[in-house]
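For reference, the structure discussed in these notes is given below.
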Amino acid sequence: MIRLLKRPVLQAATAFSKMGLEGTPRIPAKGRTFSVQYSLPRLPVPPLDQTLRKYLETVQPILTDDQLESTKQVVKRFQENEGPKLQALLEDRAQNHVNWLSDWWKSVAYLEPRDPVVVNVSPGIYMPRQEYRGQKQMLEFASKFIAGILEYKSMLEDQTVPVDQLGGKPLCMAQYYQLLNACRIPGLKKDTHVCVSPTDPNQPRHINVIHNNHIFSVDVVGAGGKPLSIDQIRQQLEQCLNQSQVPAVPVGILTSMDRGSWGHVYSQMVKDKANRASFENLQKSIFVVCLDGAYVPEEGISETDTGAAAMLHGLGSNNFSGNRWFDKTLQFIFNPDGHFGLNYEHTSAEGPALISFSDHALAYVERDIDPRVGATDVPPPKRLTFNFGDKTRLVINRGMEEVDSLVDDVMLRTMWFKDYGKKFIKQQKLSPDAFMQQAFQLAYFKMYGQPCATYESGSLRRFQQGRTETIRSCSVASLAFTTAMEDEAVPVNKKAELLRKAVQAHRKYTDETVAGQGIDRHLLGLKLTALENGMDIPQLFMDLSFKENCHFRLSTSQVASKSSIVLNFGPVVPDGYGICYNPQEDQLVLSVSSYNNSPQTNSEDFSELLRQSFLQMQKVLASQVQSKL
Ligand code: COA
């Protein structure tokens, strides 16, 4: 997901003083996890001419000939005037930072925007539905899952988690250390993100449990650092349930509001000693656990889509949107009918790191043994107190109305496409990711008869402190493919050939992007350099073509997992779609979101066209094979 720059960005101050220069804890490499961390390369600044050439290539399919001609002139002027100076300044910054982008990105993409984090920023992850039913079994499952996450935490502390790899190359592991003990804090103009460093001797021992809008502080590590046994965790959860039978005022709703409103309320509430202690307890806790009640699907909506939406936004103020603390980096959510998953605040990490946590915890649950002996002197759960007056109560009421209209606005559909998975695509000697991206292009073209600027998240974790770069899936090759597919006069062999070419072009763009040679972050860096140096924003960034090229009607992201999880997030523009996908060997798992308020979009129709596109592409490839025989 991407947010557009509104202001120049400066270093984010962190409340927990253990962050390194660029917002990342400095952790000594004492084990496997960080064995190659500090020898990873630094993010390069691509050559200016290369970026500008590629920029013109990416705008080509979405512009008319006249618009393209005018954009070429704008690019030429930039290349001859401000471009080289900005490039030199940016290269200078790259010399003096471990990663020239990471601080900027954290601010521009996450901490500065004032939109609510719910739907706009924080993804939901819907995990495979479990067989347990009822509150008792939910607590048993949840305590095992919590124990699994805590085991993973210990592995991170011991640095026994293996280094992630992509395309045979090791990846930066810093994100793993910013997911636990971490939280976002609202500000008036800009938020902050805090995280207790793993090197801090005062490691938090508690999680927060939220039930019926009551928030508890629950110790999960006992004296001497001994973890609680699964049964002890279950007893703790049970006590929370017993002590919160009547719903409380949903203070958590405040965290679902636009950041300015919440920042204002926070700045007042934090003056009160009890509130300050409660906020600090939440900010420092290892993670949050939300114990929900039953999800009742609306007419025409499946149980699965309802469960997935509960992870994204909590289903509204009458349901569980108040049973959350959306500022918290990790919230695990359980319901008594086997639905479970998580919601994560995106500032510090991308989906793949999260999936490692949840894959590990799921495997831990399946092992079904408890290696823990348990802890002694475990204090009972403590309910957090919040003091507030009528004014804040009114803001909470407004927050409830706002979250309800947001929930009503989102149309989320999940899809388990079972006709084939990535095994079939690989047998065709094609990249599964690039193939799926072409299916998105085809579905869009079927629906609108034209292409659109498309965002795919590409990992920059080959570099120290790397986050993401945009893979632009709409290309000259993809347009040739989609146009041919919709033209009955084009022979099937030609269609197959154009499909292969489009997939190969996408894979090439991906390879360049993950190698740090994308264009979007480079252009952002040049723009921020101009702002930081008090220069005018170059015309290149004001050009209508530039804006159109950043209006991502398709915002897409692959989050792969061993299990059939489905991650979901909202569209990044009002008239667009958010698509997340998990390609598995024999099936493709996807989610499609859009806004009901937009008359142009409809997730259900789009999902159906996507299904048709997958089938049509399979048919075209099969015909090509037959004709070769
Ligand atoms: N023939 C046969 N097999 C092929 C192939 C071909 N032409 N091209 C690729 N494959 C295989 C690969 O070897 C790989 O095999 P594996 O499943 O055994 O590992 C598999 O197909 C997948 O490769 P591909 O589909 O090309 O994608 P990828 O794994 O390289 O991933 C991205 C591409 C863009 C998703 C990845 O680079 C990335 O950046 N991931 C992170 C995205 C992210 O951060 N998302 C979260 C945002 S919150």
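Everything quoted here is computed from the prediction, not taken from an experiment. Both ligands and their constituent atoms are indexed starting at 1 by order of listing.
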Geometric N/O contact D433 with ligand 1, under 3.5 angstrom: yes
Which of the ligand 1 atoms, numbered from 1, are nearer than 4.0 Å to a heavy atom of G458: 39 (O)
Whether Q428 lies under 4.0 Å from ligand 1, heavy atom: no
Residue pair N549 / R472, side-chain donor-acceptor N/O under 3.5 Å: yes
Mutual orientation of the aromatic rings belonging to H339 and Y126 [parallel < 30°, tilted 30-60°, perpendicular > 60°]: tilted
Any donor-acceptor N or O pair under 3.5 Å, side chains S593, N568: no
Parallel, tilted or perpendicular: rings of Y152 and H360 (30°, 60°): tilted
Numbered atoms and elements of ligand 1 in range of S431, under 4.0 angstrom, heavy atoms: 5 (C), 6 (C), 7 (N), 8 (N), 9 (C), 24 (P), 25 (O), 26 (O)
Ligand 1 to E350 polar contact by distance, N or O atoms, under 3.5 Å: no
Numbered atoms of ligand 1 (with element) below 4.0 Å of P352, judged on heavy atoms: 46 (C)
H346, portion touching ligand 1 at heavy-atom distance under 4.0 Å: side chain
No-hydrogen, no-angle side-chain donor-acceptor test under 3.5 Å, Y581 and D433: yes
Exceeds 12 heavy-atom contacts within 6.0 angstrom, atom NZ of K54: yes
Atom indices of ligand 1, in the order listed, that fall short of 4.0 Å to a heavy atom of Q558: 35 (C), 42 (C), 43 (C), 45 (N), 46 (C)
Residue K422 vicinity, atoms of ligand 1 by number, heavy atom under 4.0 Å: 17 (O)
N/O separation below 3.5 Å, E456 to ligand 1: no
Parallel, tilted or perpendicular: ring planes of F417 versus Y420, cut at 30 and 60 degrees: perpendicular
N or O pair under 3.5 Å between T510 and ligand 1: no
Student check: side-chain heavy atoms of Y444 and T482 closer than 4.5 Å: no
Under-4.0 Å heavy-atom contact with ligand 1, by part of I425 that carries it: neither
Side chains of L442 and L499 in contact at under 4.5 Å (non-hydrogen atoms): no
Proximity of L430 to ligand 1 by residue part, where a heavy atom lies under 4.0 Å: backbone
Contact check, M436 vs ligand 1, heavy-atom distance below 4.0 Å: no
Parallel, tilted or perpendicular: ring planes of F145 versus F334, cut at 30 and 60 degrees: perpendicular
V476 and E57, any side-chain heavy atoms less than 4.5 Å apart: no
Sub-4.0 Å atoms of ligand 1 with respect to non-hydrogen atoms of V514: 37 (O)
Proximal ligand 1 atoms for I471, defined as those under 4.0 Å from one of its heavy atoms: 34 (C)
Side chain, backbone, both or neither: the part of A560 lying under 4.0 Å from ligand 1 by heavy atom: neither
Modelled atom types, side-chain donor and acceptor of T601 and D575, under 3.5 Å: no
Atom indices of ligand 1, in the order listed, that fall short of 4.0 Å to a heavy atom of Y344: 48 (S)
L166-ligand 1 polar pair, N/O distance under 3.5 Å: no
Polar contact flag, side-chain donor to acceptor under 3.5 angstrom, R184-T329: no
Which segment of F569 sits under 4.0 Å of ligand 1 when only heavy atoms are counted: neither
S557 contact mode with ligand 1 (heavy-atom cut-off under 4.0 Å): side chain
